[in-house]
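Here the structure is laid out as structure tokens; the discussion comes afterwards.
Proteins get letters first, then strands, A, B, ... in listed order; numbering begins at 1 in each. The basis for the numbers below is simple: all heavy atoms, side chains too, and nothing from hydrogens, waters or symmetry mates.
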Amino acid sequence: MADDNNDLNDSDSAFAGVVGHFVKSEPTASKISLFQRYLSRFWIRFSIVFLTLMIYPLFSNQYDVLTTTGFFIWVFLALSLSLIWGFAGIFSFGQNAFFGLGGYAFGVVSINLIDVTNATNIALLAAIFVPAIIAAILGYFLFYGKVSGVYVAIITLGITLILHLLFLRTAGAENQIGSARLGGYNGMTNIPNMSFGFGAMTIELTPILMYYFVVIGLAGIYLGFRRLLESDYGYQLIAIREDEIRTEMFGYDIRKIKLQVFTISAGLGGIGGALYASWGNFISPPVFGLVTAALPVIWVTVGGRKTILGPILAAVVLQFFTNELAGSGSQFAPIILGFILLIVVLFLPQGVVPALSRWLRSKQIESL
Amino acid sequence: MPILTQILELITVVLNSFGIIALSALGLAIIFGMMGIINLAHGEFMMIGAFTTTITYHEGVPLVVSILLGALAAGILGIVVERLVIKRLYDRVIESMVATWGISLILSQSVLILFGPHLPGIGVPFGALTYQNYSASMYNVVLAGIAAVLLVCIYGLFKHTTFGLHARATIQKDQTAQALGVDTPNVYFLTFAIGSGLAGLAGGLIAPTMAIVPTLGTAFIIDAFTAVIVGGANVLIGVPAASVSLGLLNGVVSQWGGSMMGRVALLVTAIIILRIAPTGISGYLTETGE
Amino acid sequence: MAHMHGTNRSRGDADRKKSTRPKSSRRQLLKLAGASGIGLMTAGCISNVGTTGESGGDGPIKLGELQDRSGALAPYGVPKHKAAKLAVKQINDNGGLLDRDVELIAPDPQSSNKKYKNLANRLVLEDNVDVLVAAVTSSAREAIRPIVDKNKQLYFYPEQYEGGVCDEYTFVTGAAPTQQVRPLVPMMINEYGPKCYILAADYNFGTISAAWTRHYLDEHGGELVGEEFIPVSVSEFGSTVNRVQEKDPDWVMSLLVGANHNSYYKQAHSAGAHRPMASSTAVLTGFEHKTLPTPVLKDMYVGGNYMEELPTERNEKFVDAFRGMFPDTPYVTQSAVDEYNAIQYWAKAAEKVGTVDQQDVQTRLEEGLIIESPEGDVRLSGETHHMWHDIHVARVDEEHNVNLIKTENNLEPSWLKSKCSLNTEESTWEDPVTKQFLFEG
């Protein structure tokens with residue numbers, strides 16, 4: 001599992017994939033067996049990790065389950081950025097805006113409907129669609145306006161900072177949507193736990209169920225990402241990342257593809273936001289702030305942006321680590337985090353996970 | 001008469017916004033324009049300037065000298081950061097953002113530990129400018145003047161010196177410049193030092209109007225970014241154009257609609273400008289043949 | 001509270017056996033990470049952290065504290081953390097609480113709501129603290145209050161705020177606008193005239209405090225000539241200073257908050273737009289009179305439940321103890337004393353009932369309790385879980401000395417009185433009320 005998808009991520013093999021779309025070449029027999037071996041090895045590793053995660057709550061206390069769930073929820077944001085930036089090469093510095101919008105959308109809809117529907121099904125849908133629609137509109141302006149590179153980063157950052165300012169101003173009663181108060185700086189409170197079903201057939205996610213829901217959701221998204229990357233569409237994304245103009249020359253409508261993937265990534269961020277809001281029964285404007293905007297960028301960079309596993313692991317490990325540092329009460333915590341970021345960026349330019357997998361592979365070769 | 005007062009009010013507010021935006025954006029713009037690096041520790045370099053100025057001033061150093069010492073301290077820090085970190089990150093824009101974010105965490109927390117959450121402030125020099133029953137801070141007008149002079153100096157530096165020639169050659173085609181004998185690593189090095197020094201200078205200049213806390217830089221960084229992005233990669237056109245237009249806009253809107261609306265107007269305008277001119281004002285002007 | 005479904009673990013008895021599974025979790029998570037091939041990176045560091053909460057059976061009583069020692073709120077959090085250290089040290093020096101030592105478990109939430117949540121979970125669920133004292137801002141308080149309510153955790157919010165929290169498990173030791181703003185408004189009208197201009201931080205605390213100011217202006221025949229709400233990120237006040245001059249008020253009500261906003265005082269003064277000011281936020285909490293150059297705060301009138309200059313013997317002893325422990329303290333702030341009061345209240349109630357069982361302590365607190373605080377003898381209202389405060393009004397002079405003018409004794413936390421009765425059947429430990437009312441003016 002550690003060696004992830006490196007092979008798929010080299011630009012040449014990406015182009016091979018795109019070209020392969022036109023020229024279907026048959027893989028040789030030895031390649032198939034190698035591929036199968038790789039696949040089965042992957043499934044063994046994946047199953048081990050997945051089962052470990054499934055039995056983890058049996059061996060830990062309530063605090064650990066709650067906190068781990070909290071860490072995993074932010075992985076949705078990391079994956080959202082990983083999709084748009086790691087694969088399609090569009091650097092969004094405001095991906096947290098969709099996370100936050102998802103959270104607020106979930107809060108508003110669930111508070112209003114919980115007494116009617118007894119569940120938060122619709123609220124979760126709202127948390128996906130509100131950010132996705134906003135991203136679609138914004139993406140239309142960006143990608144059909146040929147804004148690219150660092151300017152996309154700054155526009156998306158600008159959007160999230162405007163949202164931060166606007167949501168800070170929502171303290172008054174005039175900012176009440178139905179029975180939900182946006183709450184301004186103090187944040188939106190009394191957001192219900194996530195629940196599914198109808199009427200009496202409702203399952204509410206207690207902390208332990210929430211944990212399983214999040215873990216299964218992440219596993220699903222992880223597998224989905226892998227599938228995506230092995231598909232023609234995935235090759236197109238990587239091709240856009242590696243060379244936009246060349247990809248366009250092959251006849252792909254890169255504006256459309258960018259818009260699609262931006263919209264999907266926003267929806268994914270929105271799910272994370274909904275989970276976050278229901279996990280803590282609370283959401284507040286700092287989700288739109290500069291500090292939150294930097295979080296996914298740090299995770300994806302540190303983990304290695306050209307892998308799927310990298311951002312996931314970096315998000316979990318860095319959150320765990322910063323939480324432990326904060327827990328220690330040491331005033332040096334931010335300084336230590338700063339140095340970790342510097343060291344990773346300077347000495348592991350591809351990110352931690354690719355570096356580790358290369359190291360593991362070299363070990364394997366040595367042992368042969 | 002009230003109309004005259006109102007015009008006067010507007011002028012002072014616009015001058016104030018222009019001065020602050022230009023000062024805080026200049027160092028960031030030079031580093032971004034010349035090196036393509038977005039320095040997320042820019043606000044902390046300003047903070048280092050402000051702290052140095054404040055501390056030396058309380059030690060009895062005259063204000064002008066302590067402001068220059070602020071610039072010097074930030075410049076030296078810039079040199080250290082360039083040698084240890086930035087040098088290895090040319091052509092890696094995003095990684096340089098993460099690295100400078102790390103530096104900003106280190107700087108602000110280190111200052112908090114070393115000097116505590118507050119420093120005693122410096123009084124604002126020069127007193128008030130008075131017209132009938134209206135008065136404004138003289139120092140704000142002076143700041144706008146200094147900002148204008150600095151813009152001219154930077155223009156001179158890049159247009160009329162050998163360093164400027166080398167720097168411009170390096171931005172346009174760094175490999176060609178290197179082949180022709182320009183020491184491009186040295187150009188980058190000096191550029192980063194100058195950019196950091198200007199951030200420190202801005203911090204020192206703004207220090208008398210501010211409460212001196214380790215998070216001081218964050219108040220300016222968003223305006224500075226907005227100005228740099230709206231201005232685009234060409235510092236010589238971009239910063240003056242952006243700080244004048246944004247200063248005007250921010251000043252007028254906040255005079256009529258309050259500081260909150262001024263803030264929102266700034267960000268909304270930045271987004272609209274980028275929609276029209278995706279590479280900023282300077283990019284737009286260059287493309288359309290100036 | 002229909003939708004608050006937590007696992008209601010039974011909490012409380014201090015002598016109860018502590019969790020028998022010590023800290024296995026961290027190792028498991030590590031193993032987990034190791035399995036995925038990344039544990040190597042952090043393993044070395046982690047073994048050094050997290051030494052808290054490992055005490056067993058008859059160990060010390062645990063006081064959990066969350067106050068920011070880094071990030072933007074550090075100027076407010078640091079003095080509070082010092083006060084907590086002092087309070088705990090004094091208890092332990094006097095033989096402890098119920099003959100046991102009190103252990104202060106104080107992670108640093110770094111001015112981040114996200115960390116507040118995680119660390120509150122940790123203190124409540126893992127460290128099993130006997131009492132939680134936490135948060136400067138209302139936002140952080142609202143972030144952790146769901147955790148407090150779900151787990152029936154006795155909680156003290158030790159800071160002045162906009163008022164309105166009515167929560168079975170939460171006790172508030174700071175003052176509210178009904179206490180701090182009320183004496184200031186009539187006094188400023190008498191002293192300088194009716195025309196008032198309100199400058200307030202643009203968030204809940206500012207807008208609600210402004211609404212109370214308008215309320216008292218109406219009551220005392222004042223006149224509102226202008227009002228402006230300023231985002232906390234703003235530190236440039238050019239246009240604000242102009243507008244204040246234009247409206248030409250007799251005095252300015254400053255409800256500005258945070259380091260950025262302190263620039264206003266400098267900028268207004270240098271523009272020659274200085275006016276007499278009243279404030280419930282400046283000086284006593286952020287000691288602006290020590291950090292801003294003289295004389296920008298001249299004629300600033302502040303109202304609050306504590307100031308270092310209080311000329312009582314008890315206070316002088318307290319200030320000496322504080323400075324004895326922390327010699328480079330610029331000013332002993334009201335927020336620090338709010339924190340100190342919280343710990344005093346909790347310790348006194350525990351002493352009275354002879355246990356630190358959270359429900360018993362809470363019940364005792366609800367019966368009303370008087371403590372000998374540095375601010376005076378103050379009383380807790382069982383009904384609202386807020387405090388009666390002595391409100392001291394002082395004027396800052398040209399040299400930035402804080403001169404006490406008058407003290408109004410026993411100001412009631414009156415606004416909640418009609419809405420909130422936590423010591424009746426309406427709200428019990430098992431079936432609690434956990435709300436915040438908002439004043440709309």
Side-chain angles (χ1 to χ4, degrees), chain A residues 1-2 48-49 52-53 56 59-64 66-68 70 114-115 165 168-169 171-173 181 183-187 189-190 192-193 204 206-207 280-282 284 286 291-292 309 313-314 316-317 320-331 333-334 336 352-353 356-357 360, chain C residues 2-7 9 19 21 24-26 28-29 32-33 35-38 40-42 45-46 49-52 69-71 106-110 112-115 117-119 121-122 124-126 137-139 142-143 145-147 202-205 207-208 229 231-233 436 438 440:
Chain A
M1 187 146 176
I48 292 173
V49 173
T52 314
L53 287 175
Y56 167 67
F59 299 96
S60 58
N61 61 27
Q62 196 190 1
Y63 162 74
D64 290 314
L66 259 176
T67 310
T68 312
I114 189 76
D115 292 329
L165 280 176
L168 280 176
R169 278 187 69 93
R181 280 189 97 117
Y185 176 88
N186 286 12
T189 50
N190 293 328
N193 285 350
E204 180 181 308
T206 58
N281 310 108
F282 175 78
S284 64
V291 176
T292 316
L309 199 55
L313 288 181
V316 174
V317 172
F320 172 72
F321 189 66
T322 49
N323 198 47
E324 288 301 311
L325 276 176
S328 73
S330 161
Q331 54 180 355
I336 295 171
V352 171
V353 167
L356 270 178
S357 73
L360 285 175
Chain C
H3 315 301
M4 289 292 188
H5 306 261
T7 40
R9 310 169 75 211
S19 167
R21 236 179 325 91
S24 55
S25 53
R26 226 166 255 136
Q28 274 152 18
L29 195 62
L32 209 68
S36 332
I38 200 156
L40 302 156
M41 191 181 98
T42 49
C45 317
I46 282 163
V49 278
T51 48
T52 52
R69 275 115 68 200
S70 46
D108 175 10
Q110 302 173 353
S112 144
N113 281 350
K114 193 178 159 221
K115 293 214 171 68
K117 272 196 162 313
N118 281 331
L119 295 172
N121 269 325
R122 176 193 187 121
V124 173
L125 296 172
E126 194 165 69
T137 63
S138 290
S139 175
E142 291 306 301
R145 216 152 54 80
I147 297 167
D202 190 9
Y203 71 100
N204 311 47
F205 174 78
T207 49
I208 292 175
F229 296 100
V232 281
S233 58
Q436 181 179 9
L438 293 175
E440 311 288 359

Margin query: I'd like to know if the side chain of A/N193 pairs up with that of A/T206 as donor and acceptor (distance under 3.5 Å, no hydrogens or angles considered).
Written below: no

Next item on the list: Could you tell me whether the side chains of A/N281 and A/N190 share a donor-acceptor contact shorter than 3.5 Å?
Entry: no

Interface moiety of [X] toward chain A, non-hydrogen atoms closer than 4.5 Å:
X      : answer
C/E142 : both
C/D202 : both
C/T207 : side chain

Notebook entry, point to check: Checking heavy atoms, do the side chain of A/T322, its backbone, both or neither come under 4.5 Å from chain C?
Noted result: both

Notebook entry, point to check: For A/L165, is it the side chain, the backbone, both or neither that has a heavy atom under 4.5 Å from a heavy atom of chain C?
Noted result: side chain

Notebook entry, point to check: What residue in A/N323, A/N186, A/V291, A/L66 has the most heavy-atom pairs under 4.5 Å with chain C?
Noted result: A/N186

Next item on the list: First locate atom CZ of C/R122, then atom NZ of C/K115, and finally report the distance between them rounded to the nearest 0.5 Å.
Entry: 12.5 Å

Next item on the list: Could you tell me the separation between the OG1 atom of A/T68 and the CG atom of A/L53, rounded to the nearest 0.5 Å?
Entry: 9.5 Å

Next item on the list: Look at the side chain of C/R69 and the backbone N and O of C/P107, then say whether any donor-acceptor pair between them is shorter than 3.5 Å.
Entry: yes

Notebook entry, point to check: Among C/N118, C/L119, C/T137, C/N204, which has the most heavy-atom pairs under 4.5 Å with chain A?
Noted result: C/N204

Next item on the list: Look at C/S112, C/S70, C/S138, C/G71 and state which one has the largest set of heavy-atom pairs under 4.5 Å with chain A.
Entry: C/S138

Checklist line | Test item: A/L313 and A/V353 side chains (from C-beta on) under 4.5 Å apart, heavy atoms | finding: yes

